[in-house]
Amino acid sequence: MTSRVSDMTDAGEIGRDMHQLVAELYPICRSITGNGLRETLRRVQKHIPLTLHEVPSGTPVFDWTVPKEWNINDAWVKNGQGERVIDFQQSNLHVVGYSVPVRRRVSASELRTHLHTLPEHPAWIPWRTSYYHETWGFCLAQDRLAALTDDEYEVCIDSTLEPGHLTYGEYLLPGETTDEVLLSCHTCHPSLANDNLSGVALAVALAEHLATQPRRYSYRFLFIPGTIGSITWLSRNEPATSRIRHGLVLACVGDAGPVTYKRSRRGDAEIDRAVACVLRHSGRPFEILDFSPYGYDERQFCSPGIDLPVGCFMRTPHGRFPEYHTSADSPELVRPEALAHSFATAAEILSTLEHNRTFVNLNPKCEPQLGRRGIYRTMGGTDAAVSELAMLWVLNLSDGRHSLLDIAERSGCSFEAIKRAADVLRDHDLLALATGSQS
Ligand code: ZN
């Protein structure tokens with residue numbers, strides 16, 4: 001059994017499927033609560049059996065409170081001729097997220113205090129929100145601002161901000177053990193593709209893939225609004241967090257940049273080492289960042305009172321690509337081949353966790369005679385020498401105290417080479433699972 005996903009799957013097809021999901025979800029106006037978020041989760045339910053949870057507004061969640069639910073039907077600014085000069089129907093980014101309802105005539109000068117543009121990218125619409133301060137506003141391209149020459153405008157935001165619910169989606173894919181791997185993505189951004197939907201597409205693809213694989217671990221998938229969603233989930237599931245052995249937040253995984261991994265707060269957790277090992281042997285550029293208390297939901301999963309081994313798997317990090325939080329973060333920014341590569345890399349990381357076991361050498365007094373057992377022949381191929389070296393490392397370090405990942409790190413061999421060597425040695429009764437090694 002190989003653990004290299006790229007060998008088993010049609011990467012092109014996976015990338016296209018993932019991109020199709022990004023494009024399908026892109027037009028929906030999501031927020032941290034509301035019907036756009038629900039609709040998104042219902043569409044994910046067509047792929048995986050997600051459970052939707054509804055948490056009432058006003059529910060205390062640690063130091064926070066579940067906010068009122070926001071929904072929007074339409075919004076516009078009309079000029080003196082009754083023309084929509086800013087129109088929510090053309091882009092949901094035109095409205096500041098969580099804008100309170102408004103319908104009245106305003107002077108041009110008052111309107112300007114409610115407008116947001118991005119002068120450094122005059123053709124792009126910025127994305128703004130005001131979740132915790134009740135106000136209203138519009139976002140538009142700087143280019144369009146110059147055309148607003150009337151003295152008075154009519155503004156309409158047909159929204160509701162009322163007691164309701166915060167919705168999140170959860171899917172537990174059981175494995176042989178109740179030890180869990182947490183995979184989390186945020187689902188709260190409106191029409192933004194890389195920062196949001198690429199993570200959703202990767203989580204869906206991984207869930208579909210893992211469902212077809214033998215699994216030692218159980219996998220818990222969270223589709224949650226950023227920050228308030230993870231805080232809400234953690235406050236409702238604190239006892240369950242003791243089962244989480246490893247975790248990844250998935251975000252910004254569809255752009256052309258190299259894979260970037262941000263370590264967990266612990267810094268040397270097994271997930272941190274597994275990711276580093278896979279990336280080191282990937283043959284592609286990558287970057288590993290230390291933990292910092294800024295970013296996505298790893299901030300909450302790695303808060304000191306929670307302290308889970310959860311890192312963040314990305315390509316170009318938030319804020320480091322100019323299209324971030326603007327209308328230019330569209331499905332065109334997200335590349336099927338980048339999505340496919342993110343999928344293959346994440347799947348290989350999870351496979352590394354699955355197969356990272358600790359063994360004992362059953363013939364520890366001097367080297368066993370490999371030739372007599374026909375092991376050299378089974379290795380075969382042009383990588384025979386590498387594989388022999390991997391076997392010698394596995395035999396030497398399998399004293400019940402070193403895991404296969406320890407051996408991969410110390411030998412400089414890929415985890416896959418070490419795992420394959422261990423498989424052969426087990427087949428020849430030279431290696432057995434160490435007692436106390438998780439079964
Ligand atoms: Zn964002």
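What's counted below: heavy atoms across the whole structure, side chains too, no hydrogens, waters or symmetry copies. Both counts, for ligands and for their atoms, begin at 1 and track the order of listing.
In terms of distance to the Zn ion (ligand 1), the nearest N, O or S atom of H189 is named NE2. Looking at D195 and the Zn ion (ligand 1) together, the shortest N, O or S contact belongs to OD2.
Between the side chain of T260 and the backbone N or O of R315, at least one donor-acceptor pair lies under 3.5 Å. The main-chain N or O of N35 is found under 3.5 Å from a side-chain atom of N71 such that the two form a donor-acceptor pair. Put simply, the side chain of H94 gets close to the backbone of C139: a donor and an acceptor are under 3.5 Å apart. Judged by distance alone, with hydrogens and angles left aside, the side-chain atoms of S99 form a donor-acceptor pair with the main-chain N or O of G137 at under 3.5 Å.
Contact annotation: H318 places no N, O or S atom under 2.8 Å from the Zn ion (ligand 1).
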